[in-house]
Amino acid sequence: MLHALEARGERVRCVSRRPEYLRPSVAATTEVVKGDVLKPETIVAALEGVDTVYYLVHSMSSSRPFAEEDRVAAGSFGEAARAAGVRKVIYLGGLGHGDLSPHLASRQEVGEILRSSGVPTIEFRASIVIGSGSASFEMIRALVEKLPVMVTPRWVRVRAQPIAIEDVLAYLLAALDFDPEGAEVFEIGGADRVTYLELMREYAAQRDLHRTMIPVPVLTPRLSSLWLWLVTPVYAGVGRKLVDSLRNETVVKDARALDVFPVIPRGVRDAIARALVFEDQAIAETRWSDEVFAERPPYGGVRRGSRLIDSRSVVVGTTTSAAFSPIQAIGGRTGWYKGALLWRLRGLLDVLVGGPGLRRGRRDPVGLRVGDTVDFWRVDAIEPDRLLRLSAEMKVPGRAWLQFEVSPTEDGSGSIISQTAIFDPAGLFGLAYWYALWPFHGYIFGGMLKNIAAAADAAQD
């Protein structure tokens with residue numbers, strides 16, 4: 001949402017409990033201030049001079065009762081918005097009708113509290129959002145990625161009207177130009193009404209994963225949430241709240257939003273396809289040197305969507321040019337800076353299964369350009385003295401990239417070399433491959449980075 005507002009040219013003020021984490025990723029024109037909706041005194045100052053507010057707050061991951069926390073937060077925020085003279089509040093809540101789960105009931109209660117504040121409020125009620133960061137989508141993704149055989153409880157046959165994250169953003173942006181008369185509630189969904197089972201099958205098809213699904217009527221929400229805890233990144237508490245919500249159909253009954261806003265929502269197939277494309281772009285454009293990673297990544301690395309990340313960095317006392325010099329010479333006769341025998345063995349195994357192995361070498365011992373082969377890698381992107389990204393062409397159960405970045409230190413006394421291995425596993429076998437090789441990451445990638453740093457220091461001398 002933030003970048004969409006910046007692209008539109010809006011003056012933006014973001015409120016965050018940890019502004020230091022947000023500031024590096026915003027435009028120079030965007031103001032980031034510290035605040036917490038559970039501490040009203042911090043919100044009053046943050047809203048001063050603000051015309052329109054997007055309220056995108058949720059407490060479902062809180063260790064305390066989430067409904068009570070959301071109720072208190074919405075109440076104090078509404079009072080602060082009225083006192084500050086805010087002209088309009090735009091809120092994204094949850095779609096559902098009838099006997100709602102505690103989660104959906106809380107989402108709609110927040111909207112009621114905001115509307116009762118007296119500040120004109122636009123509430124969008126959305127079905128499952130297709131895109132990274134959506135808890136329901138991440139849950140479905142993890143189930144399909146990790147389980148070749150799924151025992152599917154009754155909730156997978158409940159209908160939903162999934163909406164692409166692009167279309168949600170389009171509605172939220174369009175609301176800037178809509179002036180409500182008091183309070184407005186709009187139900188939004190995509191072009192298709194599908195069951196969660198159909199949604200999982202479509203995701204599996206687009207990821208080229210073959211999945212067997214066995215229906216059973218016995219898994220209770222509690223057991224389902226514990227099962228989700230074992231196989232998805234959503235821990236059991238959040239999983240239980242989500243599964244409780246999945247008993248409710250989330251389909252649009254009031255389609256007035258299609259008449260009021262210039263948005264034509266896409267269908268499920270297109271929404272999933274675009275979500276996967278955008279994830280690829282996001283991974284490609286991420287500067288991992290700006291991310292907060294430990295020198296030694298946690299076991300298995302960290303997850304970004306379906307991707308697994310192993311990122312490391314080292315500081316050298318050289319210019320960025322000297323630091324990049326050994327990186328652009330990697331592969332071919334130079335080799336891979338660590339574990340030469342293991343690299344040759346990996347190349348031999350690759351040839352045996354029909355891959356290129358290490359036979360291709362390099363076009364040039366020093367220079368690289370996009371499209372060049374480097375042993376069993378290919379150059380995806382290169383920026384002189386700044387970045388090299390290689391995509392793997394060896395046989396692996398998924399897709400893999402190796403990225404190097406060089407940036408100057410804050411005081412200008414040296415450079416930071418960041419090295420990131422990125423893996424997009426294909427199903428359970430892909431995950432097994434990544435975790436089986438993880439014990440070698442410290443030796444290979446850690447040693448590679450250490451020796452690249454030593455070569456950079458030598459080049460400076």
Side-chain angles (χ1 to χ4, degrees), residues 1-8 10 12 14 22 24-27 30 54 56 92 124 126-145 160-174 188-192 194 199-209 232-234 261-291 301-309 311 370 380-381 387 389-392 398-401 403 405 420-427 430:
M1 190 66 225
L2 169 61
H3 297 311
L5 289 168
E6 290 174 341
R8 179 176 153 131
E10 303 289 343
V12 182
C14 291
L22 184 59
S25 61
V26 305
T30 294
Y54 284 94
L56 306 173
L92 179 62
F124 290 109
S127 182
I128 177 174
V129 178
I130 303 295
S132 291
S134 164
S136 296
F137 179 68
E138 297 292 355
M139 178 183 73
I140 288 169
R141 179 221 298 279
L143 288 171
V144 176
E145 293 280 354
Q161 199 163 339
I163 182 169
I165 193 168
E166 284 180 280
D167 295 330
V168 173
L169 293 176
Y171 275 117
L172 292 172
L173 281 178
I188 58 176
D192 300 323
V194 297
L199 187 58
M200 288 191 286
R201 284 175 172 160
E202 178 59 34
Y203 181 89
Q206 294 204 25
R207 290 281 289 158
D208 197 25
L209 299 171
T232 79
V234 184
F261 301 101
V263 179
I264 303 176
R266 67 201 75 232
V268 166
R269 180 173 298 174
D270 191 22
I272 293 175
R274 292 179 70 82
L276 295 176
V277 168
F278 287 143
E279 286 178 1
D280 279 349
Q281 291 175 347
I283 289 291
E285 293 169 2
T286 298
R287 296 288 181 176
W288 299 104
S289 55
D290 294 333
E291 295 283 331
V302 296
R303 183 178 288 275
R304 294 289 184 271
S306 64
R307 281 71 172 173
L308 294 160
I309 311 294
S311 189
V370 173
D380 254 8
L387 178 141
R389 184 171 64 250
L390 305 171
S391 61
R399 298 181 297 164
W401 298 265
Q403 181 165 303
E405 298 167 73
T420 305
I422 305 164
F423 187 58
D424 182 14

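Excluded from the calculations below are hydrogen atoms, water molecules and symmetry mates; all remaining heavy atoms, backbone and side chain alike, are included.
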Peer 1: Using the test side chain to side chain donor-acceptor pair (under 3.5 Å), find all partners of E6 that sit at least two apart in sequence or belong to another chain.
Peer 2: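 By the side chain to side chain donor-acceptor pair (under 3.5 Å) rule, E6 matches H3, T30.
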Peer 1: Applying side-chain contact (heavy atoms from CB on, under 4.5 Å), name anything that partners E166, two or more places apart in sequence or on another chain.
Peer 2: R266, R274, F278
Peer 1: Nearest 0.5 angstrom please: D167 CG to D270 CG, how far?
Peer 2: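 If I round to the nearest 0.5 Å, the distance is 8.5 Å.
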Peer 1: Compare every heavy atom of A275 with every heavy atom of G131, then report the nearest pair and how far apart it is.
Peer 2: CA-CB, 4.2 Å
Peer 1: Take a 6.0 Å sphere around CD1 of I264 and say whether it holds more than 12 heavy atoms from other residues, nucleotides or ligands.
Peer 2: no
Peer 1: With D192, which residues qualify under side chain to side chain donor-acceptor pair (under 3.5 Å), at least two apart?
Peer 2: none
Peer 1: To the nearest 0.5 Å, tell me how far L199 CG sits from I130 CD1.
Peer 2: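 If we round to the nearest 0.5 Å, L199:CG and I130:CD1 are 4.5 Å apart.
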Peer 1: To the closest 0.5 Å, what do you measure between CG (L92) and CD1 (I188)?
Peer 2: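 One finds 6.0 Å between CG of L92 and CD1 of I188.
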Peer 1: To check you understand the geometry: which heavy-atom pair defines the closest contact between G430 and P425, and what is its length?
Peer 2: C-CB, 3.5 Å
Peer 1: Which heavy atom of A381 sits nearest to which heavy atom of V370, and what is that distance?
Peer 2: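 Taking every non-hydrogen atom into account, CA-CG2, 4.0 Å.
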Peer 1: Are L276 and R207 packed together at the side-chain level, in the sense that at least one heavy-atom pair is separated by less than 4.5 angstrom?
Peer 2: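 Side-chain contact under 4.5 Å: yes.
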Peer 1: Looking only at non-hydrogen atoms, find the nearest pair between L209 and E145 and report the distance.
Peer 2: CD1-OE1, 3.8 Å
Peer 1: On the 0 to 90° scale, with breaks at 30° and 60°, tag the Y171-F261 ring pair as parallel, tilted or perpendicular.
Peer 2: perpendicular
Peer 1: List for me each residue that meets side-chain contact (heavy atoms from CB on, under 4.5 Å) alongside A273, sequence neighbours excluded, and say none if there are none.
Peer 2: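 Q206.
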Peer 1: Please list, chain by chain and in numerical order, all residues satisfying side chain to side chain donor-acceptor pair (under 3.5 Å) with R399, sequence neighbours excluded.
Peer 2: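 Once residues adjacent in sequence are excluded, the partners of R399 under the side chain to side chain donor-acceptor pair (under 3.5 Å) criterion are D280, D424.
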Peer 1: Within the side chain of Y54, is there an N or O that forms a donor-acceptor pair under 3.5 Å with the backbone of M1?
Peer 2: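 Pair absent, no side-chain N/O of Y54 close to backbone of M1.
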Peer 1: For the residue pair S134 and I128, what are the closest heavy atoms and their distance?
Peer 2: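 Here S134 and I128 meet closest at OG-CG1, 4.5 Å.
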Peer 1: About how many Å separate CZ of R141 and OH of Y203, when rounded to the nearest 0.5 Å?
Peer 2: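 Separation between the atoms: 4.5 Å.
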Peer 1: Please list, chain by chain and in numerical order, all residues satisfying side chain to side chain donor-acceptor pair (under 3.5 Å) with Q161, sequence neighbours excluded.
Peer 2: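 Q161 satisfies side chain to side chain donor-acceptor pair (under 3.5 Å) with R193 only.
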Peer 1: For S127 versus P162, what's the shortest heavy-atom pair and its separation?
Peer 2: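 Answer, listing the atom of S127 first, then P162: OG-N, 3.9 Å.
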